[in-house]
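First up is the structure itself, then whatever we jot down about it.
Everything numeric in this text was worked out from a predicted model, so none of it was measured.
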Amino acid sequence: QVQLVESGGGLVQAGGSLRLSCAASGRTFGSYAMGWFRQAPGKERVFVAAISWRDSRTYYADSVKGRFTISRDNAKNMVYLQMNSLKPEDTAVYYCAAGLYRDTYYQYHDYDYWGQGTQVTVSS
C-alpha cells in the first residue's frame, strides 16, 4: 500500500502563490506516475497536472498551463505543485495521486492511490 499526504494549502489573495507538497511512502516511488487533481464544492474531481515515472515529463490542464508547475524528487519521495498567479476559480481541495507504471494521466481511473487532500482558497 502507498500512502500519500498533501500539505501546503491555505488562503491566498488572487495573484499570489502557493506550493503544495505530497509525501509518499514506500521504496518504489520512482515507479509511480504522480498527479494532482482538484475538486471545487459541488463539482467533480478534475485533472490539474501530472509527471511521468519514466522520464519526468510533465502534463497540465489547459486551465493551469503557464501558471502551475509540477515537479518530483525521487530521492525524497516528494511531489510538488508550484501554483503562481492564482485565481479565485483555483479554489478547491487539491489531491495528490499515484499510478504504478502508468502512462496515462488525465483521468481519475489512471491512478491507484490518493491522498486526503489539502484546501486551497483564493480570495479576490
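Looking at every heavy atom in both residues, Ala14 comes nearest to Pro88 through CB-CD, 4.1 Å. Annotation for Val93 and Gly117: closest pair CG1-CA, 3.8 Å, computed over non-hydrogen atoms. Nearest heavy-atom pair, Gln119 versus Thr91, reported as atom, atom and distance to 0.1 Å: NE2-CG2, 4.1 Å.
Residues Thr121 and Val12 are not in side-chain contact: their nearest non-hydrogen atoms beyond the backbone lie 4.5 Å or more apart. Residues Leu4 and Met34 form a side-chain contact, since some pair of their non-hydrogen atoms from C-beta on lies under 4.5 Å apart. Using a 4.5 Å heavy-atom cutoff, the side chains of Asn74 and Trp53 are not in contact. With a 4.5 Å cut-off on side-chain heavy atoms, Glu6 and Ser21 do not count as touching. Within the 4.5 Å cutoff, the side chain of Leu18 has heavy atoms near those of the Val120 side chain. With a 4.5 Å cut-off on side-chain heavy atoms, Trp114 and Cys96 do not count as touching. Side-chain contact between Tyr106 and Thr104 is absent, with no heavy atoms from C-beta onward closer than 4.5 Å. Side-chain contact between Phe68 and Asn84 is absent, with no heavy atoms from C-beta onward closer than 4.5 Å.
Cluster membership check: Val46 does not share its hydrophobic cluster with Trp36, using side-chain heavy-atom separations under 4.5 Å among Ile, Leu, Val, Met, Phe, Trp and Tyr.
In this structure, the separation between CZ on Arg54 and CD1 on Ile51 is 14.0 Å, given to the nearest 0.5 Å. In this structure, CG on Asp112 lies 7.0 Å from OH on Tyr32, to the nearest 0.5 angstrom. Considering CG of Asp73 and CZ of Phe29, their distance stands at 8.0 Å, rounded to 0.5 Å. Rounding to the nearest 0.5 angstrom, the gap separating the SG atom in Cys22 from the OH atom in Tyr95 is 13.0 Å. Note: Ile70 CD1 to Gln82 CD = 12.0 Å, rounded to the nearest 0.5 Å. Distance check: Ser52 OG to Arg72 CZ gives 7.5 Å after rounding to the nearest 0.5 Å.
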Determine, stepwise, if the pair Leu20 / Met83 fulfils side-chain contact (heavy atoms from CB on, under 4.5 Å). CA-CA 8 Å; Leu20 305 184; Met83 306 185 296; 3.7 Å; yes
Report the C-alpha separation of Val122 and Lys87 in whole Å, then their side-chain angles, then the decisive distance to 0.1 Å, and conclude whether the side-chain contact (heavy atoms from CB on, under 4.5 Å) test is met. CA-CA 6 Å; Val122 184; Lys87 305 174 181 179; 5.5 Å; no
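No donor-acceptor pair closer than 3.5 Å links the side chain of Ser25 to the backbone N or O of Val2. Formation of a donor-acceptor pair under 3.5 Å by the Arg67 side chain with backbone atoms of Ser63 is found in this model. At distances below 3.5 Å, at least one donor-acceptor pair connects side-chain atoms of Asn77 with backbone N or O atoms of Ala24. Checked by atom type and distance alone, the side chain of Ser31 never pairs as donor or acceptor with a backbone atom of Tyr101 at under 3.5 Å.
Residues passing the side chain to side chain donor-acceptor pair (under 3.5 Å) test with Gln13 are Ser123, sequence neighbours excluded.
Residue pairs that meet the salt bridge (Lys or Arg N to Asp or Glu O under 4.0 Å) test with at least one member in residues 29-47, sequence neighbours left out, are Arg38-Asp90.
The only option from Tyr94, Phe37, Tyr111 that meets the ring pair (Phe, Tyr, Trp, His ring centres under 6.0 Å) definition with Phe47 turns out to be Phe37.
Note: Tyr59 and Tyr105 have parallel aromatic rings, judged against thresholds of 30 and 60 degrees for the angle between ring planes.
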